Participant: 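The structure under discussion is supplied below as structure tokens; questions concerning it will follow.
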Amino acid sequence: MSNWDNNPVLAIEHLTMRFGGLVAVGDLSFNVGRGDITALIGPNGAGKTTVFNCATGFYKPTEGRIVMNRANGEHYLLERMPDFQISAKAKVARTFQNIRLFGGMTLLENLMVAQHNPLMLASNFTIGGVFGLSGFKSAERKAVDKARYWLDKTGLLDRADGPAADLPYGDQRRLEIARAMCSGPELLCLDEPAAGLNPKESAELNTLLNAIRDEHATSILLIEHDMSVVMEISDHVVVLDYGEKISDGTPEQVKNDPKVIAAYLGVPDDEVDDVEEEVGL
Amino acid sequence: MSNLKKDSLFAGSVKDAAAGGLVALALFGMMIGMQADVATGLGGQLGINYRWGAVAIAVVIVFAGRLLLNLFVWKSDKPVTRTVGSLLPKASSFSGLGRFATPVFLVLAVVLPFLLTYFLGTRGSRQYLDLAILVTTYVMLGWGLNIVVGLAGLLDLGYVAFYAVGAYSYALLAQYFGFSFWVCLPLAGILAAFWGIILGFPVLRLRGDYLAIVTLAFGEIIRVVLLNWYDFTGGPDGLSNIPRPSFFGLDFERGEGNFADFFGLEYNSIHRIIFLYYVILAMALVTNLVTMRLRKLPIGRAWEALREDEIACRSLGINTTNTKLTAFALGAMFGGFAGSFFATRQGFISPESFTFMESAVILAIVVLGGLGSQIGVVIAAVVMIGGFEFFRGLEEYRMLVFGLLMVVIMVWRPRGLISVRTPSISLSGKAKGISADLVQEGHG
């Protein structure tokens, strides 16, 4: 039996999301395995981002259940939690399709904001911090060290004191990942992390994601259109089309699933081989 | 060839200016040329005064102005504005200003009463000290509002409500319970903060223009309640005989056991003015100190992050509800402190003092100074309040001058006088200021 069914970090069960008459996601169930890199793929408008928004609390699903199983044995029903608690308590972090950085703040500040909750606790909810109690100073130093680690990891250390809005596109994507990691997540949801990256940056991203998975006990769920990223690094691929799951398995299995090929390429089954060869799948 | 070009430039300019003059004639012919007036000689009948001379002057001004602008700016190869523009200080040259200006301002503020009394004597310096107290009050209000508008990016048009709550808290507590200023000061702050939270709750979901309108309404509600609750607040009559603050129990009165007597000084009414000045200066500096400190704490960073991107904040586990409420509460608290000072200084308050105009002036100070900039607020308050009072001699024209000045400043520096954001923390120890172009203004 596969890792994702044995030991799921996130279980999405019968998730349905309707916007008025439009069914964006219909009765979707899949598991995200602990320690896996899971890719959620599908044509444009398939409902991938809607699934993300449901899992991270930005949408309240119409039906269904989303269960987060933390490593310490706690379970959280994400569909019932306010969005900020999903990050704070259930330890699910996310990035956005259209990058959302704090542009007017420095890179370091961006990563400090991500550590808001532990720092808030250390500053006795600001009261201790205002009077300069010692506990906060050491907590802040630790937070800066953590930020420094992630800046180093993403190759942004030399721009730490510059504004985030000044970064080139690829760096902004990596900073957003670093920021999400600073909140100490057990599940990292990445919405099209490789969009707009050149092949070199895309390869660096693969290395970074593998490092996050291997060294930080963080499972990754990602939406991606770049098949080179998906096929190379993911352990598990879920394919959506029109809000429904059409395939679920290892990259090998999914790649050869005729339904997937049809959804992606939109060709009759007998022409699939030719087109497949053409795009190098 | 160049001669020909010059000719056509001149001819074109004249033609354009003439067209402008014609439009001006059509407009001003009605607006300036005819004045509806109650003619005294005709037994109170409505008559029309014709003022063709004034129309001629207006048209000539438009024609000449447009001609000059055409010749030297719009159609010229080398616009004069560019030469003038290069003479004005660049935005970047202001980034270092804060560092040098802060100690200078601080020292000047501390020694100001002595400077004034030394050079102008006690009698002559009194009006300037009063003005200094007024300016410092607005600096404190500006700093308080800066937390809400500058840091958290929540546009608050009803800030004067908290000023009123603070003032009335003190006045009412003193009237009904006989509490002294120093007991009421913290109470007024707490009550104002409480009202800040009450306002905060309904507006949490609102953004931008909608937030501004609701806060504006809130400011008016407070004022209207104060105006109409006659039995409790005295309504339009206001509250008078508000007790003055004491210096560690020593009153500023003539006679034995009071301030002058205790220190062996000759009694002079200026002592109380100087004391009030130091009280408001200390209160303003505490406001500034707390704000600067909060900026470096997680709550301050969360405010700024909220201004930059609220959705990203929520995805990082920040409780945006609490963050917004703390911003409202703290901003309101400082407004409340300033309000109770206002009450004790005036000795008399009425709802008249808390109109929307006050909110607008405080907001203008924050915007003109540069959102989020502490020293910018000081400069803007000195320019706006000090300048406004200083040119009282110009009478109604000062409004005109004031408006023009505002327009010029906003054209020259659209993001306020000090539009550079200083990072709250630095890895290398030498983080540069961040240009305002990159900093969001907040959407409520």
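Here is how names work: the chains are called A, B, and so on, in the same order as the sequence lines, proteins then strands, and each is numbered from 1. The figures that follow rest on heavy atoms only: side chains count, while hydrogens, waters and symmetry mates do not. Bear in mind that the values here come from a model prediction, so they are computed numbers and not experimental data.
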Participant: Is it the case that the side chain of A/D161 and the backbone of B/S426 share a donor-acceptor pair, with hydrogens and angles ignored and the cut-off at 3.5 Å?
Facilitator: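 No; judged by distance alone, with no hydrogens or angles, the pair does not exist.
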
Participant: Kindly compute the distance separating CE (A/M120) from CZ (B/R301), expressed to the nearest 0.5 Å.
Facilitator: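 Interatomic distance, A/M120 CE to B/R301 CZ, rounded to 0.5 Å: 11.5 Å.
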
Participant: Would a distance-only check, ignoring hydrogens and angles, find a side-chain to backbone donor-acceptor pair under 3.5 Å from B/R421 to A/G104?
Facilitator: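 Checked: pair present.
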
Participant: Does atom OH (A/Y169) have a neighbourhood of more than 12 heavy atoms from anything else shown, all under 6.0 Å?
Facilitator: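 Enclosed.
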
Participant: So if I apply the side-chain contact (heavy atoms from CB on, under 4.5 Å) rule between B/P298 and each of A/N117, A/L119, A/V113, which one comes out positive?
Facilitator: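 The passing option is A/L119.
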
Participant: Taking atom CZ of A/F19 as the centre, report whether more than 12 heavy atoms of other residues, nucleotides or ligands fall under 6.0 Å from it.
Facilitator: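 Yes, the 6.0 Å shell around CZ holds more than 12 heavy atoms from other groups.
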
Participant: Pick from A/R179, A/Q115, A/E140, A/K89: which one has the most heavy-atom pairs with chain B under 4.5 Å?
Facilitator: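 Between A/R179, A/Q115, A/E140, A/K89, the count favours A/R179.
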
Participant: List the atom of A/F84, the atom of B/I318, and the distance in Å for their closest heavy-atom pair.
Facilitator: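 Minimum heavy-atom separation between A/F84 and B/I318: CB-O, 3.3 Å.
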
Participant: Looking at A/E109 and B/K296, does any basic side-chain N land under 4.0 Å from a carboxylate oxygen?
Facilitator: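 No.
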
Participant: Which of the residues A/E176, A/R148, A/Q85 is involved in the greatest number of heavy-atom pairs with chain B at under 4.5 angstrom?
Facilitator: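 Of the options given, most contacts go to A/R148.
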
Participant: Can you tell which part of A/T106 gets under 4.5 Å to a heavy atom of chain B, answering side chain, backbone, both or neither?
Facilitator: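 A/T106 touches chain B through backbone and side-chain heavy atoms alike.
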
Participant: Quick check on B/L289 against chain A: is it the side chain, the backbone, both or neither that has a heavy atom closer than 4.5 Å?
Facilitator: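 Contact with chain A is absent: no heavy atom of B/L289 under 4.5 Å.
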
Participant: Using a 6.0 Å cut-off, check whether atom OH of A/Y149 has over 12 heavy atoms from anything other than its own residue.
Facilitator: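 Counting other residues, nucleotides and ligands, OH of A/Y149 exceeds 12 neighbours.
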
Participant: Would you call A/L101 and B/D309 a side-chain contact if the rule is heavy atoms closer than 4.5 Å?
Facilitator: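 A/L101 does not reach B/D309 side chain to side chain.
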
Participant: Within a strict 4.5 Å, meaning less than it, do heavy atoms of the B/I425 and A/M112 side chains meet?
Facilitator: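 SC-SC contact between B/I425 and A/M112 confirmed.
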
Participant: Would you mind reporting whether A/M105 and B/E308 have side-chain heavy atoms less than 4.5 Å apart?
Facilitator: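 Touching, per the 4.5 Å side-chain cut-off.
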
Participant: If you measure from CG on B/L316 to CG on A/D83, what distance do you get to the nearest 0.5 Å?
Facilitator: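 Output value for this atom pair is 11.0 Å.
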
Participant: Can you confirm whether B/W195 is buried at CH2, in the sense that more than 12 heavy atoms of other residues, nucleotides or ligands lie under 6.0 Å from that atom?
Facilitator: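 No, the 6.0 Å shell around CH2 holds no more than 12 heavy atoms from other groups.
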
Participant: What residue in A/A165, A/A114, A/A88 has the most heavy-atom pairs under 4.5 Å with chain B?
Facilitator: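 Result: the option with the highest number of such pairs is A/A114.
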
Participant: Should we count NZ of A/K142 as having more than 12 external heavy atoms under 6.0 Å?
Facilitator: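 Incorrect, the count does not exceed 12.
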
Participant: Write down the atom of A/F102, the atom of B/A312, and the distance for their closest heavy-atom approach.
Facilitator: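 That would be CE2-CB, 3.7 Å.
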
Participant: How many angstroms lie between atom OG of B/S315 and atom CG of A/N53, to the nearest 0.5 angstrom?
Facilitator: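 B/S315 atom OG to A/N53 atom CG measures 10.5 Å (nearest 0.5 Å).
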
